[in-house]
Amino acid sequence: MQMHLRPPHRPLAWATFALLLGFSSLALVRCTQVSDRLTGVALGRRSHADTCIKTCNDQYAKLFDDERIRHIAAVKACQDFSDREKNLCLKEEAARHEANKQALTAAKRTCQGNCHRQGGGSAG
């Protein structure tokens, strides 16, 4: 007889993770390049970059909060298992949570980096 060591909410956890990655990619799409003026001089680009970075940070904060809520629910679900299974469940969840946080942080940094690369010049 084989024991079921994975929590019953596994599909929900993966769906949530996929959703987080989807939102992360949306954050990257929001920080896309815009065309320069014909002269290559872009006035007001600094304020646009600041707005873009704020958008990246706000998006990251929301996604990170969603991940925290998902993690808490997963940890609670692990409590339903026997000690050995619970320890394995908690260990897997801790690894998943850490990987999700790292993916979100990488997406935020990419988004912020794209904010600085928008346009080809500045007026000052």
With a 4.0 Å cut-off on N to O distance, would you call Lys62 and Asp65 a salt bridge?
no

Taking the inter-plane angle between the rings of His97 and His71 on a 0 to 90° scale, is it parallel (under 30°), tilted (30 to 60°) or perpendicular (over 60°)?
parallel

What's the spacing between Arg96 CZ and Cys89 SG if we round to 0.5 Å?
7.5 Å

Thr51, Asn57, Asp58 screened by side-chain hydrogen bond (donor to acceptor under 3.5 Å, both in side chains) with Lys54, the one that passes
Asp58

Close side-chain approach of Glu85 and Leu88, heavy atoms under 4.5 Å:
no

Arg70/Asp66 ion pair, N-O < 4.0 Å:
no

Compare every heavy atom of Ile53 with every heavy atom of Cys115, then report the nearest pair and how far apart it is.
SG-N, 3.5 Å

Closest heavy-atom pair, Lys86 versus Phe81, reported as atoms and distance to 0.1 Å, is N-CB, 3.5 Å

Measure the distance from the SG of Cys56 to the SG of Cys111 and say whether it is below 2.5 Å.
yes

Can you measure from CD1 (Ile72) to CD (Glu67) and round to the nearest 0.5 angstrom?
10.0 Å

